[in-house]
Amino acid sequence: MVDCSSKKICFLTKEMAEEALVENHAKYSHKVGQGPINIYQCHLCNCYHFTSKGEVHPILKDSKTQNRINKLKQGWDWEDKLR
Ligand SMILES: [Zn+2]
């Protein structure tokens, strides 16, 4: 992890940032228009950060991603029940 003066989480690659974005949506069940919706490359640290502004990342609109988010949510529900 690289420290950025923007104090945001840094992702070293676009792929890592996209993966984290999907997991973030699964974990926090953001309503439409809330939470991070896209990633961008930072001019300060050259890493990728989440952003809540601008266009929704196409990966979040993808039906395959939606299925994954639902599966991840179900997985986490199970973990809660087993605790
Ligand atoms: Zn940065």
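Atoms considered below: every heavy atom in the structure, side chains included; atoms not considered: hydrogens, waters and symmetry mates.
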Less than 4.0 angstrom from a charged side-chain N to a carboxylate O is my criterion; do Glu55 and Lys61 meet it? no

Closest approach of Cys42 and Cys4, non-hydrogen atoms and distance? SG-SG, 3.9 Å

Ile39 and His49, any side-chain heavy atoms less than 4.5 Å apart: no

ring-ring contact (aromatic ring centres under 6.0 Å, His included) partner of Phe11, chosen from Tyr40, Phe50, Tyr48: Phe50

Separation between CZ (Arg68) and OG (Ser63), nearest 0.5 Å, reads 13.0 Å

Between His25 and Gln34 the two heavy atoms that sit nearest each other are CE1-O, 4.5 Å

Would you confirm whether Gln41, through its side chain, and Cys47, through its main-chain N or O, come within 3.5 Å as a donor-acceptor pair? no

Is the shortest heavy-atom distance from the side chain of Leu21 to the side chain of His57 under 4.5 Å? yes

Counting only heavy atoms from other residues, nucleotides and ligands, does the tally under 6.0 Å from NZ of Lys73 exceed 12? yes

Might you point out which heavy atoms bring Thr65 and Leu60 nearest each other, and give the distance in Å? CG2-CA, 4.4 Å

Counting distance only, does the side-chain N/O of Thr51 pair as donor-acceptor with the main-chain N or O of Asn38 below 3.5 Å? no

Do Ile37 and Tyr28 sit in the same hydrophobic cluster, where Ile, Leu, Val, Met, Phe, Trp and Tyr count as joined when their side-chain heavy atoms come under 4.5 Å apart? no

Just do the side chain to side chain contact (heavy atoms under 4.5 Å, CB included) check on Asn24 and His30 with the steps written out, would you? CA-CA 9 Å; Asn24 184 285; His30 298 297; 2.6 Å; yes

